[in-house]
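Just so we're clear, the structure is a prediction, and the values are computed from it rather than from any experiment.
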Amino acid sequence: MQLHAYESATQWTWGAAIAISSAIARDLEQKPRARLLLSGGKTPGPVYAALSKSPLAWDRVDVALVDERWLLPDDPDSNARLLRETLIQNKAQKARLETITRAGRPFDEAVATANLHARQPAGVVVLGMGDDGHTASLFPGMVDLESALASTSPYVGVDAGGSPGAGTWQRRVSLTPAGLAPAHTRILLIRGEKKRALLDRLLQSDDATEFPARIAFTTPGATLHVHWCP
């Protein structure tokens, strides 16, 4: 793991955006298209807005979700809506956004479609971490958490019941360690002293059933780059 610490939120925003942009640019130099997985939540919005101004060949970039609640893509609480309002604008409006859910699509089909898209592995994955130590839609105390962590599929459908951190959105589609493993760039965006202290706790063990966010650095593959500011 490598920690990138910033003195201010502004430095953090642009530092993280530049790191993501640079990783995408390297992919575009080597391949016809680049694939980027992004997380939802309140923390990453400013980074995505800054990233949207990056002078990349966005028409060659596929943007997909790390996870999604069982909501329509235009629901105000969906992660797809967050990306549309923060990233898919400015220069990045030319990017191709893949949503997991769609009107009229049953839950199992949404999971299957996410796995179909994942046949093109993502080069860059941006993760978040909740106060309870969850990442993606893998929550402590979640029903069938162990099977989700052990799945060989890139995405699984989950029932987040049993975990207060999931709120009212219990039915979700989530990236798994198997889906994270192929990425050559892993980035974790966190802010605040509370999250920094939680990160220190995560590093004391590799038990992802206690804190699923541990998959960010225990999953074999790329080095995890943590971008943090107070």
Side-chain angles (χ1 to χ4, degrees), residues 1-26 34 36-56 58 61 63-69 75-93 95 97 122-139 164-167 169 175 180 183 185-204 211-217 222-230:
M1 189 200 79
Q2 185 173 347
L3 177 65
H4 306 265
Y6 303 88
E7 294 181 356
S8 70
T10 299
Q11 291 177 355
W12 172 84
T13 295
W14 287 100
I18 290 170
I20 298 168
S21 176
S22 297
I24 297 171
R26 289 194 296 272
L36 169 67
L37 296 187
L38 296 177
S39 296
K42 298 178 180 178
T43 299
V47 175
Y48 299 164
L51 179 62
S52 75
K53 301 174 183 178
S54 180
L56 296 167
W58 284 104
V61 179
V63 180
L65 294 161
V66 165
D67 67 317
E68 183 61 285
R69 297 157 176 167
D75 189 286
D77 293 313
S78 71
N79 290 335
R81 177 74 171 266
L82 170 71
L83 295 191
R84 285 197 179 93
E85 293 180 346
T86 56
L87 177 67
I88 309 301
Q89 58 180 331
N90 300 315
K91 291 182 172 62
Q93 65 182 315
L97 176 62
V124 185
V125 178
V126 179
L127 298 169
M129 179 175 68
D131 291 337
D132 59 353
H134 84 267
T135 196
S137 281
L138 303 175
F139 292 85
W169 303 286
L175 188 74
L180 173 62
T185 300
R186 276 180 218 175
I187 293 174
L188 175 65
L189 301 179
I190 56 174
R191 291 184 58 180
E193 298 295 344
K194 186 175 181 180
K195 291 284 182 73
R196 177 65 183 271
L198 179 57
L199 177 64
D200 290 340
R201 287 187 64 191
L202 261 63
L203 295 173
Q204 295 173 9
F211 293 124
R214 285 179 170 139
I215 70 167
F217 60 85
T223 297
L224 174 65
H225 290 264
V226 180
H227 291 257
W228 171 85
C229 72

Chemist: Find out whether D131 and K195 are in side-chain contact, i.e. whether some heavy atom of one side chain is under 4.5 Å from a heavy atom of the other.
Modeler: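 Contact flag for D131/K195 side chains = yes.
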
Chemist: Measuring from atom CD of Q2 to atom CD1 of I187, what distance do you get when rounded to the nearest 0.5 angstrom?
Modeler: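 Between atom CD of Q2 and atom CD1 of I187 there are 11.0 Å.
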
Chemist: Which heavy atom in A122 sits nearest to a heavy atom in V125, and how many Å separate them?
Modeler: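 A122 and V125 have their closest heavy atoms at CB-CG2, 4.2 Å.
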
Chemist: For the CD1 atom of I20 and the OG atom of S54, what is their distance to the nearest 0.5 Å?
Modeler: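 Answer for the CD1-OG pair, I20 versus S54, is 10.0 Å.
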
Chemist: For D77, is there any backbone N or O sitting under 3.5 Å from a side-chain donor or acceptor partner on R69?
Modeler: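 Checking the backbone N and O of D77 against the side chain of R69, a donor-acceptor pair under 3.5 Å is found.
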
Chemist: Are P164 and D132 side-chain neighbours, meaning at least one heavy-atom pair lies under 4.5 Å?
Modeler: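 No - every pair of side-chain heavy atoms lies 4.5 Å or more apart.
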
Chemist: Rounded to the nearest 0.5 Å, what separation is found between the CG atom of L51 and the OG1 atom of T13?
Modeler: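 Interatomic distance, L51 CG to T13 OG1, rounded to 0.5 Å: 11.5 Å.
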
Chemist: Between Y48 and S39, does a side chain to side chain contact (heavy atoms under 4.5 Å, CB included) hold up when you go through it step by step?
Modeler: CA-CA 10 Å; Y48 299 164; S39 296; 4.2 Å; yes

Chemist: Let me know which of I190, V226, L188 forms a side-chain contact (heavy atoms from CB on, under 4.5 Å) with L3.
Modeler: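 Testing each of I190, V226, L188 against L3, the sole residue satisfying side-chain contact (heavy atoms from CB on, under 4.5 Å) is V226.
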
Chemist: State the NE2-CG distance between H4 and L189, to the nearest 0.5 angstrom.
Modeler: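 If we round to the nearest 0.5 Å, H4:NE2 and L189:CG are 11.0 Å apart.
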
Chemist: For N90 and A49, which heavy atoms make the closest approach, and how far apart are they?
Modeler: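 Residues N90 and A49, closest heavy atoms: ND2-O, 4.4 Å.
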
Chemist: Using modelled atom types only, decide if a donor and an acceptor are shared between the side chain of R186 and the backbone of A216 within a distance under 3.5 Å.
Modeler: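 Yes, because the side chain of R186 sits within donor-acceptor range (under 3.5 Å) of the backbone of A216.
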
Chemist: Any idea which heavy atoms bring P230 and E7 closest together, and the distance?
Modeler: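 Taking P230 first and E7 second, the nearest heavy atoms are CD-O, 4.2 Å.
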
Chemist: If every non-hydrogen atom of L87 is compared with every non-hydrogen atom of S52, which pair is closest and at what distance?
Modeler: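 Minimum heavy-atom separation between L87 and S52: O-CB, 3.2 Å.
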
Chemist: Any side-chain to backbone donor/acceptor pair from K91 onto W58? Under 3.5 Å, distance only.
Modeler: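 The answer is no, because no donor-acceptor pair under 3.5 Å joins these two groups.
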
Chemist: Taking T86 for the side chain and L82 for the main chain, is one N or O donor matched with an acceptor at less than 3.5 Å?
Modeler: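 Answer holds: yes.
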
Chemist: Report the distance from atom CG of L203 to atom CG of L199, rounding to the nearest 0.5 Å.
Modeler: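 CG of L199 is found 4.5 Å from CG of L203.
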
Chemist: Are the side chain of W14 and the backbone of A50 linked by a donor-acceptor contact shorter than 3.5 Å?
Modeler: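 Judged by distance alone, no pair lies under 3.5 Å.
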
Chemist: Excluding sequence neighbours, so at least two apart, what forms salt bridge (Lys or Arg N to Asp or Glu O under 4.0 Å) with R214?
Modeler: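 For R214 the salt bridge (Lys or Arg N to Asp or Glu O under 4.0 Å) partners, ignoring immediate neighbours, are E210.
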
Chemist: About how many Å separate CG of L224 and CE of M1, when rounded to the nearest 0.5 Å?
Modeler: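 Answer for the CE-CG pair, M1 versus L224, is 6.5 Å.
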
Chemist: Does any N or O in the side chain of T135 come within less than 3.5 Å of the main-chain N or O of P212, such that one atom is a donor and the other an acceptor?
Modeler: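 Judged by distance alone, no pair lies under 3.5 Å.
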
Chemist: Quick check on side-chain contact (heavy atoms from CB on, under 4.5 Å): which of L38, V66, L37 does L127 satisfy it with?
Modeler: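 The residue from L38, V66, L37 that satisfies side-chain contact (heavy atoms from CB on, under 4.5 Å) with L127 turns out to be V66.
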
Chemist: Does the side chain of N79 reach to within under 4.5 Å of the side chain of L83, using non-hydrogen atoms?
Modeler: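 Sidechains of L83 and N79: no contact.
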
Chemist: If you look at every heavy atom in Y6 and H227, which pair is closest and at what distance?
Modeler: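 Y6 and H227 have their closest heavy atoms at OH-ND1, 2.8 Å.
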
Chemist: Looking only at heavy atoms, what is the nearest atom pair of S8 and C229, with distance?
Modeler: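 Answer, listing the atom of S8 first, then C229: O-CB, 3.8 Å.
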
